[in-house]
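This structure is in structure tokens; I'll ask about it shortly.
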Amino acid sequence: MKTTPRRESSAAPALLLVFLCAAIPAAAQTEVTIVGVPDVNVPKPIPHSELVVFRDIAVSSTRGSGSGDMTFAGLVNAGGYTSVMLSLAVEPQSSDGGSVTAYLVPTEKFVNDCSDGGPVLFPLTAAVNFTGDEKVAGSMSFQHQLAFPQYQAFLANSSDRPVKAQLFVYLRH
């Protein structure tokens with residue numbers, strides 16, 4: 001009887017390769033520990049934007065040029081925001097025309113001292129002109145860059161009669 005050597009099959013190395021690949025995880029996971037950096041916790045989510053609305057503000061006629069003669073609407077805290085969009089709407093109370101301007105003025109002492117009786121420094125403004133025939137007149141939306149953390153909102157009315165105003169202050173990042 002004659003014996004012939006058997007050929008080795010190439011299936012054995014392929015089987016070994018499949019076995020090794022199955023035993024190795026698909027992605028090696030490494031734990032990274034950062035030393036010397038404190039944990040950062042944020043108590044609440046940081047807002048992307050905020051809308052501040054001043055509604056039904058009775059704005060009397062303004063005769064002077066400084067902020068002392070204007071109608072004070074309130075404060076706007078702008079800390080952390082980079083821009084603001086102002087929109088103004090008025091309801092004329094007479095058939096005569098006029099205009100109403102909204103001012104955001106920084107609450108800095110130097111700015112307030114200079115603005116009493118004089119020109120308003122660093123104002124962010126929105127204005128609306130009306131003829132008196134309309135029930136409500138609205139301004140275009142005006143976008144401004146913010147430079148101070150807090151502003152005072154004032155309104156000035158150039159008509160001879162009081163108006164009712166709505167000021168929308170949209171703060172954004």
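Because the structure is a prediction, the values reported are computed rather than measured.
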| field | Least distance between heavy atoms, Leu167 atom then Ala153 atom | value |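 Of all heavy-atom pairs spanning Leu167 and Ala153, the closest is CD2-CB, 4.0 Å.
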| query | Side-chain heavy atoms under 4.5 angstrom apart, residues restricted to Ile, Leu, Val, Met, Phe, Trp, Tyr: same cluster for Leu146 and Val76? | reply |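 Leu146 clusters together with Val76.
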| query | Please, which pairs that meet salt bridge (Lys or Arg N to Asp or Glu O under 4.0 Å) have at least one residue in residues 140-153, sequence neighbours excluded? | reply |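 Listed by first then second residue: nothing to list.
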Could you tabulate the donor-acceptor pairs under 3.5 Å formed by side-chain atoms of residues 100-109, not counting sequence neighbours?
{"residue": "Thr107", "atom": "OG1", "partner": "Gln150", "partner atom": "O", "Å": "3.4"}
{"residue": "Thr107", "atom": "OG1", "partner": "Gln150", "partner atom": "OE1", "Å": "3.4"}
{"residue": "Lys109", "atom": "NZ", "partner": "Asp113", "partner atom": "OD2", "Å": "2.8"}

| Any Thr125 side-chain heavy atom under 4.5 Å of Leu86 side chain |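 No - every pair of side-chain heavy atoms lies 4.5 Å or more apart.
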| request: Measure the OG-CG distance between Ser99 and Asn129 for me, rounded to the nearest 0.5 Å. | output: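 CG of Asn129 is found 5.0 Å from OG of Ser99.
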| said: For a quick test of reading the model, state the closest non-hydrogen atom pair linking Pro92 to Lys135 and the distance between them. | reply: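 Nearest pair, atom of Pro92 first, then Lys135: CD-O, 3.4 Å.
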| task | State the OG1-CZ distance between Thr82 and Arg172, to the nearest 0.5 angstrom. | result |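 Here the rounded value is 8.0 Å.
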| field | Selection residues 70-82 - residue pairs positive for salt bridge (Lys or Arg N to Asp or Glu O under 4.0 Å), sequence neighbours left out | value |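 Checked against salt bridge (Lys or Arg N to Asp or Glu O under 4.0 Å) - neighbours excluded - no pair reaches residues 70-82.
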| field | Residue pairs involving residues 70-86 (criterion salt bridge (Lys or Arg N to Asp or Glu O under 4.0 Å); sequence neighbours excluded) | value |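 As it turns out, there is no salt bridge (Lys or Arg N to Asp or Glu O under 4.0 Å) pair with a partner in residues 70-86 once direct neighbours are skipped.
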| said: Return the CG to CD distance between Leu124 and Gln143, rounded to the nearest 0.5 Å. | reply: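 Between Leu124 CG and Gln143 CD, I get 11.0 Å after rounding to 0.5 Å.
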| field | Hydrophobic cluster membership, Leu155 vs Phe130, 4.5 Å side-chain cutoff | value |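 Looking at the clustering, Phe130 is in the same group as Leu155.
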| Among pairs that include at least one residue of residues 70-99, which meet salt bridge (Lys or Arg N to Asp or Glu O under 4.0 Å), considering only residues two or more places apart or in two chains? |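 Of all non-adjacent pairs touching residues 70-99, those that pass salt bridge (Lys or Arg N to Asp or Glu O under 4.0 Å) are Glu91-Lys164.
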| message | Show the nearest heavy-atom pair for residues Ser139 and Ala127, with the distance to one decimal. | response |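 The answer is CB-O, 3.1 Å.
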| task | May I ask you to decide if Gly98's main-chain N or O and Ser158's side chain share a donor-acceptor pair within less than 3.5 Å? | result |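 Side chain of Ser158 to backbone of Gly98: no pair is present.
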| query | Taking all atoms of both residues into account, what is the closest heavy-atom pair of Gln152 and Leu75, and its distance? | reply |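 For Gln152 versus Leu75, the nearest heavy atoms are CG-CD2, 3.6 Å.
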| To which residues is Phe142 joined in a hydrophobic cluster, defined by side-chain heavy-atom contacts under 4.5 Å among Ile, Leu, Val, Met, Phe, Trp and Tyr, whether direct or through other members? |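 Joined to Phe142, directly or through intermediates: Met140.
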| request: Could I get the full list of side chain to side chain donor-acceptor pair (under 3.5 Å) partners for Glu134, not counting sequence neighbours? | output: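 Glu134 satisfies side chain to side chain donor-acceptor pair (under 3.5 Å) with Thr131 only.
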| request: Go through the structure and list residues passing side chain to side chain contact (heavy atoms under 4.5 Å, CB included) with Ser141, not counting sequence neighbours. | output: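 In terms of side chain to side chain contact (heavy atoms under 4.5 Å, CB included), with neighbours along the sequence ignored, Ser141 is linked to Met85, Ser87.
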| Shortest non-hydrogen contact from Pro162 toward Asn157 |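 Heavy atoms of Pro162 and Asn157 come nearest at CA-ND2, 3.8 Å.
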| Value rounded to 0.5 Å, distance of CG in Asn77 from CG in Leu171 |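 The distance works out to 9.0 Å.
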| field | Contact summary for Leu88 and Ala126, nearest pair of heavy atoms | value |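 Closest approach of Leu88 to Ala126, heavy atoms only: CD2-O, 3.7 Å.
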For residues 47-60, which side-chain N or O atoms pair as donor and acceptor with protein atoms under 3.5 Å away, sequence neighbours left out?
{"residue": "Ser49", "atom": "OG", "partner": "Tyr170", "partner atom": "OH", "Å": "3.3"}
{"residue": "Glu50", "atom": "OE1", "partner": "Tyr81", "partner atom": "OH", "Å": "3.2"}
{"residue": "Asp56", "atom": "OD1", "partner": "Gln166", "partner atom": "NE2", "Å": "3.0"}

